Amino acid sequence: MSLELPAVAAYSPLLANLNPEQRAAVTLPEGHALILAGAGSGKTRVLTTRIAWLLQTGQVSPGGILAVTFTNKAAKEMLTRLSAMLPINVRGMWIGTFHGLCNRFLRAHWKLAGLPATFQILDTQDQLSAIKRLMKQHNVDDERFPAKETQWFIAGAKEDGLRPRDVEIRRDDDRKRVELYQLYEEQCQREGVVDFGELMLRSYELLRDNDAVREHYQRRFRHLLVDEFQDTNRLQYAWLKMLAGNTVDGRFVPGGNSVLAVGDDDQSIYAFRGARVGNMADFVREFHVDHQIKLEQNYRSFSNILDSANHLIDHNTQRLGKNLRTDQGPGEPVRVYESPTDFAEAQWVVEEMRQLVRENGIERKEIAVLYRSNAQSRVLETALFNAGVPYRVYGGLRFFERAEIKHALAYLRLLENKEDDTSFLRVVNFPPRGIGARTIEQLQDAARSAGTSLHAAVGAVSGKAGANLAAFVARLDVLREQTQGISLREIIELVLQHSGLVEHYRAEREGADRVENLEELVNAAESFVTQEGFGRDAVALPVDELRQSAASQGIDTSQPLIDEALVAPDAETGETLSPLAAFLTHAALESGDNQAQPGQDAVQLMTVHAAKGLEFDCVFITGLEDGIFPHENSMSDRESLEEERRLMYVAITRARQRLYLTHSQTRLLHGKTRYNLRSRFFEELPESALKWLTPARAGFGAGSSSYERSSWGGQRAGGAGGWNYDRDSLAGAPVPPQKAAPAHGLRSGMQVFHNKFGEGTVLALEGTGDDARAQVKFGRHGVKWLALAVAKLTPI
DNA sequence: CACATGCCCCTTTTT
DNA sequence: GGGGCATGTG
């Protein structure tokens with residue numbers, strides 16, 4: 001790889017302030033390339049500068065760029081940065097999420113994809129309720145086949161690019177699951193809806209099976225750029241391969257397309273939803289990648305923090321290999337704090353952060369508290385609330401996922417698509433209008449035997465209930481009439497009024513927030529139409545202009561143009577998507593912010609997953625206990641433990657200046673007190689970077705503690721540390737508050753023998769005395785909870 | 001048919 | 001501990 005730059009490069013302000021590796025990445029020649037970009041190494045900057053560079057040097061026109069990200073946020077950021085760099089119209093570029101781009105593609109080619117023009121998108125909730133409905137209809141035992149599991153199965157199959165007929169049947173139950181998958185597909189097709197996986201899979205199949213379409217897009221996109229490549233699943237990889245095309249035996253051909261993949265195998269934390277780090281290695285092999293560049297210079301953290309991250313991740317075996325370095329000094333040590341209870345832990349964290357704000361002048365929004373799972377936020381929130389510290393919790397319900405919003409959207413969807421049974425069922429009796437379960441059952445039976453949608457079957461139900469149904473449908477029909485030719489804003493206002501939703505929530509005691517949210521929906525629609533991009537996506541460019549540019553690309557213009565640039569869903573008529581349909585799509589693809597209160601200087605609370613891509617001056621990683629982090633379900637096999645370690649790596653690398661690691665001896669979880677050992681990850685951090693604020697207990701084979709009791713007697717802020725256990729108990733298992741060490745002497749991670757189940761690994765311990773239980777994973781018999789008073793477990 | 005009570009489950013998350 | 005869901009009662 002040469003670092004020599006084209007002559008113009010040296011003068012381009014775009015390249016100023018880039019380090020040699022970043023510059024090499026930005027100015028890469030044509031060909032496939034993989035950028036291994038460590039945390040805080042300026043990855044987004046490289047990606048956007050690369051696009052700007054390609055455009056500025058005239059190597060490609062905006063229409064030849066396709067850049068794909070995982071989140072809307074990342075896509076938006078890329079667009080914003082790009083328009084700040086170059087005075088160009090970003091309109092011609094395809095920049096967005098995988099699903100967003102697939103949606104755009106399917107809107108342009110709905111007919112070829114076998115979809116109705118008004119197809120709507122099911123989110124995860126909708127998908128689950130569609131599956132439940134299906135299972136009920138086919139009398140599937142939901143004990144044996146939980147709907148969630150079926151959903152998981154279907155989504156997983158699609159992520160691997162598998163249709164029902166392609167799924168390999170490994171277990172007896174799979175036969176039924178595949179059957180359900182098949183039925184589910186038929187149901188979605190009948191109702192004109194697609195789930196997230198379907199957006200990807202349909203697009204992929206259309207590209208695969210339609211030569212004209214594939215060749216068209218292959219000719220168009222000369223540069224494909226992929227962010228967070230380590231998070232791509234099998235299907236996304238295959239999709240990319242289809243688009244890349246222009247290769248012989250997978251090798252890049254000069255004049256063909258170039259794929260630039262940017263990723264970090266150490267930050268791959270989404271295997272549980274189908275992400276495949278292996279795509280990185282496959283990419284290098286199958287695309288015969290010409291250029292690999294590592295970005296290892298970290299601009300974010302002091303070296304104590306970075307050393308900790310490097311040291312930890314070094315314990316993973318499956319790595320491409322990469323070590324972050326920084327020019328910044330060691331900075332502050334990584335502080336470790338142990339508390340007796342989760343409550344005390346939270347109090348200590350709050351007290352410590354108040355000091356940070358008061359004495360160190362740190363802004364509250366520069367402080368993040370991270371945890372492994374959402375359930376842990378509660379105790380932290382309580383402590384923050386009691387202390388009067390402003391905070392903001394990420395995660396939880398987003399705007400478009402709120403029940404009242406989903407209700408309103410269901411009415412709107414029914415205006416667009418009468419066949420949408422999921423939406424029909426959601427609102428047929430909401431607000432209540434005398435249509436009960438019996439009636440709905442009757443209606444479903446009628447619809448099934450006639451092979452129609454619920455909407456079409458309404459006439460088949462007689463009596464009072466039938467009249468109610470007819471009135472409901474009539475009301476929808478009237479609304480549909482009334483909403484012709486009026487603005488999106490007016491449509492929504494009308495629907496809110498005439499559906500009775502606002503009225504219903506006004507009458508409810510706790511309904512004020514919901515009414516407010518419904519009003520907010522009007523605003524959301526308004527800003528969607530004006531700024532957000534309905535205009536961008538749906539306004540057709542002049543057809544003459546298009547034909548000209550198409551002709552110059554050597555595309556046959558005697559046929560109707562197949563190109564989203566027309567953006568009209570129907571390429572023949574030039575008809576565009578209605579603002580309402582576009583808005584509904586937007587609502588499904590972008591679930592919206594949670595409780596946006598920007599501007600306020602508040603402490604940030606979130607899961608480690610949610611923190612990926614963010615950075616803060618000060619970071620607290622809490623609940624660092626075996627069974628919590630690493631999570632108990634991920635402790636038993638190496639692969640998932642390695643993912644937990646990567647998760648910890650992500651958490652550590654969020655911090656710029658100060659990092660705190662806290663753990664608690666006891667924790668209230670699911671209403672029960674659990675005694676957890678300090679996380680095994682502590683043993684994987686460099687001692688030299690750590691400062692133990694509380695005595696380092698002996699864990700996992702470490703030597704005895706060197707702590708002197710007088711050195712800490714609870715003098716830390718908040719006085720929360722005052723649990724005076726004695727020195728002897730420090731070397732043993734976790735100490736219950738009654739100071740009675742558990743008699744069983746088991747610790748998680750221990751190998752044990754059971755007379756019936758054989759050898760196993762202790763995953764978790766719970767309770768004391770006669771109530772003590774252990775969760776053990778056995779080879780043949782799986783994971784079991786055992787009462788220690790009964791089960792005879794012998795340590796091996 | 002609407003509302004209340006009991007029961008079961010319980011990673012991580014984006015689209 | 002708490003939310004979602006199924007079942008029971010007015």
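Every value quoted in this text rests on a predicted model; they were computed, and no experiment measured them.
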Walk me through it: do A:Asp265 and A:Gln230 pass the test side chain to side chain donor-acceptor pair (under 3.5 Å)? CA-CA 6 Å; A:Asp265 55 322; A:Gln230 76 282 353; over 6 Å; no
Please name the residue in the list A:Val226, A:Leu235, A:Asp231, A:Asn233 that meets the side-chain contact (heavy atoms from CB on, under 4.5 Å) test with A:Phe98. A:Val226
Between the side chains of A:Ser640 and A:Asp637, is a donor N or O closer than 3.5 angstrom to an acceptor N or O? yes
How would you label the glycosidic angle of B:dT11: syn (within 90° of 0) or anti? syn
Check this for me, if you would: do [X] and [Y] make a salt bridge, where the nitrogen-to-carboxylate-oxygen distance has to be below 4.0 angstrom?
{"X": "A:Glu625", "Y": "A:Arg372", "result": "no"}
{"X": "A:Arg646", "Y": "A:Asp266", "result": "no"}
{"X": "A:Lys406", "Y": "A:Asp123", "result": "yes"}

What nitrogen or oxygen pairs link the protein and nucleotides 3-8 of chain C at under 3.5 Å?
residue, atom, partner, partner atom, Å
C:dC5, OP1, A:Lys132, NZ, 2.9

Between atom CD in A:Glu441 and atom P in B:dC1, what is the gap in whole Å? 11 Å
Whole angstroms only, please: what is the CG-C1' distance between A:Leu668 and C:dG2? 12 Å
Please enumerate all residues that pass side chain to side chain donor-acceptor pair (under 3.5 Å) together with A:Asp160, with sequence neighbours excluded. none
Suppose we screen for side chain to side chain donor-acceptor pair (under 3.5 Å). Which residues come up paired with A:Ser634, at least two apart in sequence or across chains? A:Glu644
Could you go through nucleotides 2-7 of chain B and list every protein N or O atom that sits under 3.5 Å from one of its N or O atoms, giving the distance for each pair?
residue, atom, partner, partner atom, Å
B:dA2, OP2, A:Asn429, ND2, 3.3

Starting from the C-alpha separation in whole Å, work towards a yes-or-no answer on side chain to side chain donor-acceptor pair (under 3.5 Å) for A:Tyr394 and A:Gln604. CA-CA 7 Å; A:Tyr394 284 75; A:Gln604 315 279 305; 2.9 Å; yes
Where protein sits on nucleotides 8-15 of chain B, one letter per nucleotide: B base, S sugar-phosphate only, - none, heavy atoms under 4.0 Å: --BBBBBB
Test: salt bridge (charged side-chain N to carboxylate O under 4.0 Å, His left out). Region: residues 145-159 of chain A. Which pairs qualify, not counting sequence neighbours? A:Glu149-A:Arg177, A:Lys158-A:Asp195, A:Lys158-A:Glu198
